[in-house]
Every structure is written in C-alpha cells, then in structure tokens.
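This report refers to the structure that appears directly beneath it.
As a basis for the values below, the full set of heavy atoms in this structure was taken, side chains included, without hydrogen atoms, waters or symmetry mates.
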Amino acid sequence: MTDYVDGYCERVAPGLWGEPLNSLSNLAFLVAAVLVWRLANGDRTGRVLAGLVGLVFVASTAFHLLATRWAAVADSAAILVFMLVYAVVFTRENWSRRWAWVAAPALLALTVGSALLGGGLYLGALIGLGVFAAVLAFTRDAHWTHFAIAGAVFALSLSLRTLDRDVCSYVPVGTHFLWHLLNGVVLYLVSRPLARTESP
C-alpha cells in the first residue's frame, strides 16, 4: 500500500512536491466545502455535505502530495462516500424518504457496472447527475438547472481527466489540475440546493 504511484503528466519523480498544480488545485474542494458550510447555517444535512467535500479535499491533497497506493485508495474512497451519501440525501429530500435507502446501493451498482464496462469510477456519477436533473425538471423544481449545469461541467472535467496522460508531450503539467478545479464547482453546485437556508 506504500508503493509509489505515478499516474499523471505533472509527476515525473517521487517527492512531496512532485505535483504542485495537482496539489494546489485541490483548494477548489476546500473553497466549495467552506461555501456549503456557510450556506448550511447550522443545518445538519448541509454540514454533512460540507464535511464530505472537505474530506475529498484532504484525501485528494494527500494523494497528490504523497503519491502512494494507500493515498490513491483514500482519494477514491472519499469521492465514493460523497456520491453514496449524496444519493441518499437527494432521494430523501426530492423523491421519497421510504426509498432513500435504495439510492446508495443503486448508485454503487451503477458505478461498479460502468467501471466493469470500461467507463471508470465516474461514469456512474455523470449518469446520476443526469437522472437528478431529470427528476427535478419533471417535478418543476427550479434547482434542476444546478444539476444540468453541474452535469455539463462534470462531463468537461471528466474529459480533461481522461486526456491527462495523452497530452503529456504537448502540455507537460497535464490537465488533471483542471479536473480538480471544475469538480470543486460541481460539488458546490450539487450541494447548494440541499443547504436548508438556500432558496431557489
């Protein structure tokens, strides 16, 4: 678990500061966490989401600083935990409290299925954003635009993440840092409607 991981253009050797842009761009998650926390204004749901975004910041920063296998696992786990908790909270608040417990296993199955088919860990999240936007649009909830925009931004960030290793010859720092910056926006956009003090 302490094996060295070199998966990004920016990193060319082991070392704590081997990925400065990838490390610093994680501040986008911290900014998103602080903004969601402030919107929550004491609401438990909002603060839980803010805390989970903060966990993504810590885990991703640790991974890009340390570049070890255990940190990579922690990074992916933090994102997956946010996804699963969010699916439950969204279902509870916008569809049915009775069926909220189904949301996490359903999203997990979608994520695992898409990964096995070559879609990676995040295709399920992209599909989920589309479903959330459709549910809110169907119920005429004004927040559906948050999810439509978040889906578009996430599609772009996922493309940039995928391109990172392919552009090393042309862009030595790669494009992974843009994945962080854009996903900070995505996490803020999807968390904002569930902060109790937020109005449409």
Side-chain angles (χ1 to χ4, degrees), residues 1-38 46-87 104 107-108 110-112 114-116 118-126 128-129 150 153-191:
M1 293 295 282
T2 59
D3 294 345
Y4 169 61
V5 176
D6 179 7
Y8 305 99
C9 289
E10 190 178 22
R11 182 169 289 279
V12 294
L16 191 64
W17 204 237
E19 300 176 49
L21 283 180
N22 287 348
S23 299
L24 289 173
S25 57
N26 282 299
L27 289 171
F29 298 124
L30 180 59
V31 170
V34 170
L35 291 176
V36 174
W37 183 275
R38 288 171 61 88
R47 287 195 167 182
V48 166
L49 292 176
L52 291 175
V53 176
L55 182 62
V56 171
F57 161 70
V58 172
S60 185
T61 301
F63 173 45
H64 290 288
L65 285 175
L66 302 174
T68 58
R69 193 167 301 281
W70 72 262
V73 171
D75 181 27
S76 297
I79 296 169
L80 185 59
V81 168
F82 178 89
M83 289 167 53
L84 297 178
V85 171
Y86 189 90
L107 180 59
L108 182 60
L110 176 63
T111 300
V112 171
S114 63
L116 291 175
L121 178 63
Y122 304 108
L123 180 58
L126 182 59
L129 285 172
V153 174
F154 188 66
L156 175 60
S157 70
L158 188 57
S159 298
L160 290 168
R161 182 183 189 275
T162 304
L163 286 172
D164 181 74
R165 297 296 294 187
D166 296 327
V167 300
C168 293
S169 299
Y170 314 101
V171 186
V173 296
T175 56
H176 191 79
F177 72 98
L178 296 173
W179 155 263
H180 293 159
L181 295 176
L182 292 175
N183 280 351
V185 174
V186 170
L187 294 183
Y188 172 71
L189 286 174
V190 299
S191 298

Heavy-atom pair with the smallest gap, counting every atom of Asp75 and Ala59
CA-CB, 3.8 Å
Only counting residues at least two apart or in another chain, list the ones meeting side-chain hydrogen bond (donor to acceptor under 3.5 Å, both in side chains) with Ser25.
His180
Under 3.5 Å donor-acceptor, Tyr86 side chain and Val190 backbone
yes
I'd like to check the side-chain contact (heavy atoms from CB on, under 4.5 Å) partners of Val185; sequence neighbours left out, ordered by chain and number.
Leu189
Which atom pair, heavy atoms only, marks the closest approach of Leu158 to Leu126?
CD2-CD2, 4.4 Å
Please state whether the rings of His176 and Tyr8 are parallel, tilted or perpendicular, taking 30° and 60° as the class boundaries.
tilted
Residue pairs fulfilling salt bridge (charged side-chain N to carboxylate O under 4.0 Å, His left out) with at least one residue in residues 17-26, sequence neighbours excluded:
Arg11-Glu19
Student check: side-chain heavy atoms of Leu108 and Val112 closer than 4.5 Å:
yes
With side chains defined as the heavy atoms from C-beta onward, is the minimum distance between Val5 and Thr68 less than 4.5 Å?
no
Spatial distance of atom CG (Leu163) from atom CG (Leu178) [nearest 0.5 Å]:
10.5 Å
Nearest heavy-atom contact between Val53 and Ser191 is CG2-OG, 4.3 Å
Tell me every residue that passes side-chain contact (heavy atoms from CB on, under 4.5 Å) with Leu110, counting only those two or more places apart in sequence or in another chain.
Leu107, Ile127
Could you go step by step and tell me if Leu55 and Phe82 meet the side-chain contact (heavy atoms from CB on, under 4.5 Å) rule?
CA-CA 9 Å; Leu55 182 62; Phe82 178 89; over 6 Å; no
Verify whether the ring centers belonging to Trp179 and Phe154 lie closer than 6.0 Å.
yes
Can you give me the closest heavy-atom contact between Gly174 and Val167, atom names plus distance?
CA-CG2, 4.4 Å
Looking at every heavy atom in both Gly184 and Ala32, which two are closest together, and how far apart are they?
O-CB, 3.5 Å
Interatomic distance, Ile79 atom CD1 to Tyr122 atom OH [nearest 0.5 angstrom]
3.5 Å
Checking Tyr188 now: which residues fulfil ring-ring contact (aromatic ring centres under 6.0 Å, His included) with it, not counting sequence neighbours?
none
Taking the side chain as C-beta and beyond, is there a heavy-atom pair between Phe29 and Thr61 under 4.5 Å?
no
OG1 on Thr175 to CG on Leu181, rounded to 0.5 Å
11.5 Å
Quick one: side chain to side chain donor-acceptor pair (under 3.5 Å) pairs with a partner in residues 157-173, sequence neighbours left out?
Ser157-Asn183
Tell me if a side-chain donor or acceptor on Ser76 pairs with a main-chain N or O of Val73 at a distance below 3.5 Å.
no
Listed partners of Ala50 passing side-chain contact (heavy atoms from CB on, under 4.5 Å), at least two apart:
Val36, Trp37
Applying side-chain contact (heavy atoms from CB on, under 4.5 Å), can you list everything that pairs with Leu21, at least two apart in sequence or on another chain?
Glu10, Val173, Phe177
Please examine the side chains of Phe57 and Leu27, heavy atoms only from C-beta on, and report whether any two atoms are closer than 4.5 Å.
yes
Distance check, rounded to the nearest 0.5 Å: Leu187 atom CG versus Leu52 atom CG?
10.0 Å
Measure across Gly54 and Ala33 and return the closest heavy-atom pair with its distance rounded to 0.1 Å.
N-CB, 3.7 Å
Rounded distance [0.5 Å steps], NE2 in His64 versus CH2 in Trp17
12.0 Å
